[in-house]
Amino acid sequence: GGKEELYVAAWKYSFDKSLEKHPQDGGVPPEASPKDRLRGRILSFLERVADPETYELEIMHKEMACPTGLLQQVLHSSLATLHEGFKSVVAELLGKDANEKQVLFCHMNIIDMCFGFVHYIHLSRMQKNELNNMDDTIEIDVREFAEHILNFSIAGIKRIRKENKNRTEVSKKTTA
């Protein structure tokens, strides 16, 4: 169908293969604790990034650097499920007193930390290629970094949850 359709098909194929290899839930069952489900989602994302056979993020990175607009629709529809899964776990962790903006902000923070890893991986690979494998970057274990993101995120979520609970209690006392 042309270069444009091939470009979109290449990204979609890579995305589907990536999720097949690294399922979005990280292999964690739906009945697991919210913390374990969040761990699975973070780990899945980082494993997809670190996998040298996965090209979906490479293509997305190039699209962000030089937007063609060709991936906009397929990205939106393909990533919506991933984002909703992340946000539902975050909402559960934040509790019933959380508002949509808090869920969105926490979700964005987690994704941003994951994309920090994307940046690190890209720089690391570039340095290896450009410096003929004379790499001076620190090796980062994917599982270790996933656990760091999880712990950092859970600490922030607990803090917000506590503040929301305190605010709700004060509000109940003042209206009573």
Side-chain angles (χ1 to χ4, degrees), residues 11-61 64 71 74-125 137-169 171-172:
W11 181 85
K12 183 76 172 118
Y13 177 81
S14 182
F15 178 74
D16 291 343
K17 287 294 179 189
S18 172
L19 284 180
E20 189 178 296
K21 191 172 180 180
H22 307 285
Q24 67 178 335
D25 61 8
V28 177
E31 63 274 1
S33 72
K35 182 178 178 180
D36 287 341
R37 286 184 281 134
L38 183 59
R39 176 184 289 115
R41 288 182 177 281
I42 292 168
L43 184 58
S44 170
F45 187 99
L46 297 181
E47 285 176 335
R48 288 184 7 242
V49 169
D51 187 342
E53 296 174 7
T54 300
Y55 300 104
E56 91 199 57
L57 292 166
E58 298 274 338
I59 296 169
M60 281 178 56
H61 219 144
M64 287 189 284
L71 294 182
V74 71
L75 281 172
H76 179 72
S77 62
S78 298
L79 298 179
T81 306
L82 295 176
H83 288 297
E84 288 310 313
F86 251 111
K87 287 195 301 192
S88 69
V89 174
V90 169
E92 193 175 344
L93 287 163
L94 281 168
K96 62 180 175 38
D97 296 324
N99 62 46
E100 284 184 51
K101 189 182 284 187
Q102 289 171 324
V103 172
L104 176 64
F105 284 3
C106 288
H107 171 251
M108 287 170 53
N109 289 143
I110 295 167
I111 295 299
D112 285 348
M113 284 189 278
C114 291
F115 270 110
F117 187 67
V118 171
H119 184 69
Y120 181 83
I121 290 292
H122 281 279
L123 288 177
S124 177
R125 287 178 184 162
T137 58
I138 298 170
E139 279 295 317
I140 296 180
D141 178 74
V142 173
R143 290 189 175 276
E144 182 181 10
F145 194 62
E147 200 64 27
H148 168 78
I149 291 173
L150 176 72
N151 291 333
F152 198 86
S153 301
I154 291 295
I157 287 169
K158 282 182 179 178
R159 176 64 185 243
I160 293 167
R161 185 179 176 126
K162 182 179 177 182
E163 289 172 0
N164 285 345
K165 185 177 179 184
N166 291 342
R167 195 172 12 263
T168 300
E169 288 173 3
S171 177
K172 284 180 183 178

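Just so we're clear, the structure is a prediction, and the values are computed from it rather than from any experiment. Index from 1, following the sequence.
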Test: salt bridge (Lys or Arg N to Asp or Glu O under 4.0 Å). Region: residues 26-36. Which pairs qualify, not counting sequence neighbours?
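Those involving residues 26-36 are Asp36-Arg39.
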Applying salt bridge (Lys or Arg N to Asp or Glu O under 4.0 Å), which residue pairs with at least one partner in residues 90-102 are found, sequence neighbours left out?
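Found Arg37-Glu92.
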By ring pair (Phe, Tyr, Trp, His ring centres under 6.0 Å), which residues pair with His22, not counting sequence neighbours?
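Not a single residue meets the ring pair (Phe, Tyr, Trp, His ring centres under 6.0 Å) criterion with His22.
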Could you list the residues that satisfy salt bridge (Lys or Arg N to Asp or Glu O under 4.0 Å) with [X], not counting sequence neighbours?
X: Glu84; value: Lys87
X: Asp16; value: Lys12
X: Arg167; value: none
X: Glu144; value: none

List in chain and number order the residues that pass side-chain hydrogen bond (donor to acceptor under 3.5 Å, both in side chains) with [X], two or more places apart in sequence or in another chain; answer none if no residue qualifies.
X: Ser14; answer: none
X: His148; answer: none
X: Lys165; answer: none
X: Glu163; answer: Arg159

Under 3.5 Å, sequence neighbours excluded: what are the donor-acceptor pairs made by side chains of residues 103-112?
residue, atom, partner, partner atom, Å
His107, NE2, His83, ND1, 3.1

